[in-house]
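Count residues from 1 along the sequence. Remember, it's 1-based here, ligands and their atoms both numbered in the order they're listed. None of these values were measured; they are calculated from a predicted model.
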Amino acid sequence: MALTVSKTPTGSEYKVKDISQAVFGRLEIELAEVEMPGLMSCRSEFGPSQPFQGARITGSLHMTVQSAVLIETLTALGAEVRWCSCNIFSTQDHAAAAIARDSAGVKAEEEYEKSGKLPDVNGCENREYRIVFRIIKDRLLVDPTRYRRIKERLVGVSEETTTGVKRLYQMQANGSLLFPAINVNDSVTKKKFDNLYGCRHSLPDGLKRATDVIIAGKIAVVCGYGDVGKGCAAALKRAGARVIVTEIDPICALQALMDGTPVLTLEDVVSEADIFLTTTGNKNIIMVHHMKQMKNNAIVCNIGHFDNEIDMHGLETYPGVKRITVKPQTDRWVFPETNNGIIVLAEGRLINLGCATGHPSFVMSCSFTNQVIAQLELWKERGAGKYEKKVYVLPKHLDEKVAALHLGKLGAKLTKLTPAQAACISVPVEGPYKPPQYRY
Ligand code: NAD
Ligand code: ADE
């Protein structure tokens, strides 16, 4: 269904499925605000001075209730915000409607990329990229002078996820990074919370909503034992599954073993397991030849950022394969030779946002408070020469501030160091703070 661009009475453009859902969206946003103490305290600390006055911020990130609280925090600090969903299945229409009605321009269209001709995008592996390319190409046809000055105007970018920051570091290394960037993912209060505890919560949510199978007793294979893999494996174990991990990194593999989880290869377990999950941020993890060997109704899903961990192309083009859509985002693919089917969730895209509503508000408050702080820093220092066209991480004291803002909500009381204790444990640090750049 192609959606059209509409305008609010104040002139904001939006493209959402059903603007009448704004009332419901607003109610859920109000519930989320109570669970997002970091963002709400940004509003009370920075709101009065309007630090984003004059800033235009654009976001490409799942358009969820939690993102709505982030958007409204940025606008409460004076920014003009436009938002674009980063995944075709993750948009929560009611949240998008509330934001479109009340706060920012939103393009939350889920289906428009399924129709129309795409440009030739050799080398681009996923549909989200292709959508962006198509929009750019179409706009350039109408106005060839468009987009010329973006690079000059762009103050900087803050990046949310492991896969995204990897791309930024690659661009930095090959000289193609055109702007300063802050790596939000590697704040400890992001990667060690969202990726770990967030996925621990939202993976089983997605599995249950999509399939209704009991997890207890099943054999579940988790490909990758980084932060996301650790969270997912923990959730599956807690639900009673017998978990097996695949890894390429000896340290992560050893960690899995120390957590009591066998480490094998996919080939070892492919015909025995009931649930397969990819969490690697890498590509070509579960291929069609693996899927062919799986048990009838084995569940195959991905929680890594892109839809290239599972070989969807190989599956879709397998001769004689039959796709039976049980419900949106739950498909049974039947192989002609065996008549066995496998159940693929969210078409190989991230299950927790395709089959469920993503991470809960509290954990997203940690991630998004880092985002607000990063955006504030980039905007404050614009033109001052502090940031080059490189990737930066936030300093440790800000990471600690984000954590501190979330303690009260959980009733914690922090012990204070005495001066003697502080002296005892303080270590001189040379150079800028570097949060752990490893995944363990
Ligand atoms: P990470 O780097 O900490 O972990 C990835 C792990 O996969 C590493 O331990 C690596 O050794 C392993 N790996 C790589 N290639 C492999 C292969 N071929 N076989 C087996 N293991 C392999 O990354 P992370 O922070 O855990 O993030 C993983 C992915 O999840 C990224 O794409 C990230 O962007 C995404 N992510 C998703 C969500 C979500 O809500 N769905 C949240 C956070 C992160
Ligand atoms: N990533 C994971 N969960 C999310 C959520 N609820 N909102 C936005 N991005 C997310």
More than 12 heavy atoms from other groups under 6.0 Å of [atom1] on [X]:
X      : atom1 : result
His313 : NE2   : no
Lys237 : NZ    : yes
Leu27  : CG    : yes
Arg323 : CZ    : yes
Asn174 : CG    : yes

Which ligand 1 atoms, with their elements, are less than 4.0 angstrom from a heavy-atom of [X]?
X      : answer
Asp249 : 11 (O)
Leu350 : 41 (N)
Gly304 : 29 (C), 30 (O), 32 (O), 35 (C)
Thr246 : 20 (C), 21 (N)
Gly281 : 29 (C), 31 (C), 32 (O)
Thr161 : 33 (C), 34 (O), 35 (C), 36 (N), 44 (C)
Asp194 : 42 (C), 43 (C)

Look at atom 9 (O) of ligand 1 and find which of Gln255, Lys283, Glu247, Arg349 reaches it with the closest heavy atom.
Glu247
Which part of [X] is near ligand 1, with near meaning a heavy atom under 4.0 Å away: side chain, backbone, both or neither?
X      : result
His359 : side chain
Ile285 : side chain
Asn352 : side chain

Nearest-0.5 Å distance that lies between atom CH2 in Trp83 and atom CE in Met63
8.0 Å
As an exercise, state the distance from CG of Leu264 to CD of Glu247, rounded to the nearest 0.5 Å.
12.5 Å
[X], any N or O under 3.5 Å of ligand 1 N or O:
X      : result
Asp227 : yes
Ile303 : yes
Cys223 : no
His305 : yes
Asn195 : yes

Among Met364, Arg43, Glu28, which residue satisfies the side-chain contact (heavy atoms from CB on, under 4.5 Å) criterion with Val69?
Arg43
Once ring-ring contact (aromatic ring centres under 6.0 Å, His included) is applied, what residue pairs with a partner in residues 174-215 remain, sequence neighbours excluded?
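Listed by first then second residue: Phe193-Tyr197.
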Taking the side chain as every heavy atom from C-beta outward, state whether Thr369 and His406 have any atom pair closer than 4.5 Å.
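Answer yes - side chains close enough.
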Just wondering, do Leu70 and Leu39 contact through their side chains at under 4.5 Å, heavy atoms?
yes
Could you verify whether a donor N or O on one side chain and an acceptor N or O on the other, from Asn195 and Lys190, lie under 3.5 Å apart?
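Yes - a donor-acceptor pair under 3.5 Å links their side chains.
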What does the list of residues with a heavy atom under 4.0 Å from ligand 2 look like, ordered by chain and number?
Leu61, His62, Thr64, Gln66, Ser67, Leu353, Thr357, Gly358, His359, Met364, Phe368
Give a yes or no on whether a salt bridge exists between Lys191 and Asp186, defined as a side-chain N under 4.0 angstrom from a carboxylate O.
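No, no charged N to carboxylate O under 4.0 Å.
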Looking only at atom types and distance, does a side-chain atom of Asn87 sit under 3.5 Å from a main-chain N or O of His62, one as donor and one as acceptor?
no
